Protein chains: 4
Amino acid sequence: MTGKPPRAPRADARRNRALVLRAAAEAFATDGLSVPVHEIARRAGVGTGTVSRHFPTKESLFAAVLLDRMAVLTARADALAATEDPGAAFFAFFAELIHEGTDHRGLAESLAGAGFDIESAAVEAGSDVSGRLHALLKAAQDAGAVRDGITFADVKALMSGCLAREVDPADTGARDRVIAVVRDGLRAT
Amino acid sequence: MTGKPPRAPRADARRNRALVLRAAAEAFATDGLSVPVHEIARRAGVGTGTVSRHFPTKESLFAAVLLDRMAVLTARADALAATEDPGAAFFAFFAELIHEGTDHRGLAESLAGAGFDIESAAVEAGSDVSGRLHALLKAAQDAGAVRDGITFADVKALMSGCLAREVDPADTGARDRVIAVVRDGLRAT
Amino acid sequence: MTGKPPRAPRADARRNRALVLRAAAEAFATDGLSVPVHEIARRAGVGTGTVSRHFPTKESLFAAVLLDRMAVLTARADALAATEDPGAAFFAFFAELIHEGTDHRGLAESLAGAGFDIESAAVEAGSDVSGRLHALLKAAQDAGAVRDGITFADVKALMSGCLAREVDPADTGARDRVIAVVRDGLRAT
Amino acid sequence: MTGKPPRAPRADARRNRALVLRAAAEAFATDGLSVPVHEIARRAGVGTGTVSRHFPTKESLFAAVLLDRMAVLTARADALAATEDPGAAFFAFFAELIHEGTDHRGLAESLAGAGFDIESAAVEAGSDVSGRLHALLKAAQDAGAVRDGITFADVKALMSGCLAREVDPADTGARDRVIAVVRDGLRAT
DNA sequence: TATGAATGAGGGTTCATTCAT
DNA sequence: CATGAATGAACCCTCATTCAT
């Protein structure tokens, strides 16, 4: 009678998946994309096979790590999109993305073109932080809060600059300073 | 006495060194830091052993590649430092660095923290593009052309943003647009 | 006394055993011995643990698959042994074995010495198709229908030739042609 | 002046290549296709990388092993083709192929369809033992020494039978007995 | 008893570096 | 000095088997 509909995943499987995801996020952030899968498994306290079961390839694991963060960010973007000031919304989301990515060496590497393609990772998983950012940008431009001519690609590049490792992760002031520079530069003249 | 006075390198050795350096610059730029040493040797038309002889490690080869470019840039910085407008000098050098690094995937990766540490590579080789940029920055700040509080690290981060692969290398306009944003953001308020 | 009298297996256990056996036969035949146990479980619609419970190792599963077919063949051999013409009986059984094994990639691989040892698999399970074939061979030789000197091992080798994948499974003619060659070659001179 | 024409391989490289080839032939023969590359390297007394350098994939190594033997056989076939009796030539070559393959478990597995595809391995390397056998077969059929209707595929299947591991490699008599059966069966009626 | 998640050894391959030629 | 073959650790991934649920 129960047939074979995809049953809910077992509790331990879910827990391990989460453990792996957390360990991977940390490992990618700390050591970059070149961290061995083996090391991720070790940190998660599981066997390498368990990692592979949940995430068939290393790339898919990275995609999942990004997705995990992105889910939160997507929601945040939607909330901001509903506020009154498009310019403020865009810049707030921009800053949030930066703070999110801070310390994440893997993310920075991916943005820089080393290792995996970040955009395809996001697409693969169906997330759309990019889309949200794009929309917020357009709204801000329509409202005159961001100078015309600036493209979405430009914004992404500037983002990657704010995420650069040159900015001391422990130094919140530095991060904010760089963000401020970009923000002021983006404002309409 | 006859021991080991640093004899002048043989002519063929010098030529090979140059061949390797050129091939490496191209390879790192095109394929990123993960390009095999073997491939660099192939492009240079020499054996892998020759590469290793001149540059004991892959990292030292990358450092040498950077250094090579840096030598040119250092001279350019000195010329700019002698001009009248410190602000213009700084921004010109900044833009020049960006254009220099454009298309250089290895450089972008290194800036993003993937692979080798760019600063230690520079230090190792004794070059001082960083020092020049630092000095130009300071002069510009003293002249009130760059807002106070901005640190050298901030500038490097913003540079890496301008070098991000998101900016289409073929699209000069895009590159300049991003540079303009950063420049305007850096200007004193 | 209440210890462990070999209780009759539960109905669902028996059914699952049969499901696994059928799926395994198909899988081994189609994909060869290297088919993953996981895949067999999937085809059977059971968990991998269920497969392992009934057949502790992959090899024992393969042995069981062979045994299953062998049971039918043993009966057939006994029927043929009761007929009048020993030569005809032997050759008929020989052909039957070939047709049985046709298309069975796993069987062919096993005969060729890849993967599992077929003889020990049969012995392990107590089946005796080999014994039947052996007996029929001896009778045929005694009747002068098969040349002397031919051993049982020779016959098995020739069988494996008739089962070779070079013979197009879809081409009944080819199969029969090869069988005919072996039959004529085996006949007394 | 010498430019860069493919220079003759170094002496040690040639020696190692030969060592690997010999070790591989032995290993494949003894242990079958599933023998680890690592084990082949161990037997050859070289590192695993050396094996990979000479033979980029395991399959290419197997192909080379076959090719090595095939080169000899091709020459032998050509010699036989020049003799007077096409029937004798065909059967002699057939027997030679069998003796060649005797004991070679890897070859038998490949013929049985496990592991690598033997035909494509041969083709890849440009050898054409198959072609030679085919030609000898046709000539023998034209001369009336082999019954009509028999195809090349039939012959290959029967060959694989003669190579079956059931035939004790140490028992030359057994091998010859099986070959005789096939030969007599193939003769025109 | 059934499940399927977990295990972890082992697979083939790559590549920076060394060293005999 | 130049060469490029040799090295072998390390990589990611597969899968037969075990065991908690």
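In this text, all values refer to a predicted model and were calculated from it rather than measured experimentally. Proteins come first, then strands; the chains are lettered A, B, ... in the order of their sequence lines, and each starts at number 1.
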[N] [atom2] sits how many Å from [X] [atom1], rounded?
X: Arg17(D); N: dG4(F); atom1: CZ; atom2: C1'; value: 16 Å
X: Arg14(A); N: dG4(E); atom1: CZ; atom2: C1'; value: 16 Å
X: Leu19(B); N: dC1(F); atom1: CG; atom2: C1'; value: 15 Å
X: Glu39(B); N: dG4(F); atom1: CD; atom2: P; value: 15 Å

ask   = Are OP1 or OP2 of dA2(E) and a side-chain N or O of Asn16(C) less than 4.0 angstrom apart?
value =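 Answer yes for this pair, as a side-chain N or O of Asn16(C) is under 4.0 Å from OP1 or OP2.
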Could you list the donor-acceptor pairs under 3.5 angstrom formed between side-chain atoms of residues 46-54 of chain C and any protein atom two or more places apart in sequence or on another chain?
none

key: Under the salt bridge (Lys or Arg N to Asp or Glu O under 4.0 Å) test, residues paired with Asp68(B) that sit two or more places apart   =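 Applying salt bridge (Lys or Arg N to Asp or Glu O under 4.0 Å) to Asp68(B) gives none.
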Residue whose closest nucleotide on DNA chain F lies nearer the 5' end, Gly47(D) versus His54(B) =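 With Gly47(D) and His54(B) compared, the 5'-side residue is His54(B).
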key: Closest-nucleotide ordering on DNA chain F, the 5'-leading residue of Gly45(D) and Thr50(B)   =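 This one resolves to Thr50(B).
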ask   = Do you know which two heavy atoms are closest between Leu33(B) and Glu109(B), and how far apart they sit?
value =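 Distance-wise, the nearest heavy atoms are N-OE1, 3.1 Å.
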query = Considering all heavy atoms of both residues, which atom of His104(C) and which atom of Val65(C) are nearest to each other, and what is their separation?
reply =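 Smallest heavy-atom distance, with atoms named: NE2-CG1, 4.3 Å.
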Identify each donor-acceptor pair in which a side-chain atom of residues 36-44 of chain D lies under 3.5 Å from a protein atom, sequence neighbours left out, and give them as a table.
residue, atom, partner, partner atom, Å
Glu39(D), OE1, Arg42(D), NE, 3.1
Glu39(D), OE2, Arg42(D), NH2, 3.0
Glu39(D), OE2, Arg43(D), NE, 3.1
Arg43(D), NH2, Asp31(D), OD2, 2.9

task = Using a 4.0 Å cut-off on protein heavy atoms (strictly under), produce a 5'-to-3' string for nucleotides 16-21 of chain E with B for base contact, S for backbone-only sugar-phosphate contact, and - for none.
result = SSB---
task = Under the side-chain contact (heavy atoms from CB on, under 4.5 Å) rule, collect the residues that match up with Ala64(A), sequence neighbours excluded.
result =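 With sequence neighbours excluded, Ala64(A) shows a side-chain contact (heavy atoms from CB on, under 4.5 Å) to Leu21(A), Phe55(A), given in chain and number order.
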query = By side-chain contact (heavy atoms from CB on, under 4.5 Å), which residues pair with Thr57(D), not counting sequence neighbours?
reply =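 So Thr57(D) forms a side-chain contact (heavy atoms from CB on, under 4.5 Å) with Glu59(D), Ser60(D).
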query = According to the Watson-Crick and G-U wobble definition with distances under 3.5 Å, which dot-bracket string, read 5' to 3', encodes DNA chain E, using [ ] for crossing pairs and | for pairs with another strand?
reply = .||||||||||||||||||||
query = Which residue pairs satisfy the ring-ring contact (aromatic ring centres under 6.0 Å, His included) criterion with at least one member in residues 14-36 of chain C, sequence neighbours excluded?
reply =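 Listed by first then second residue: Phe28(C)-Phe62(C).
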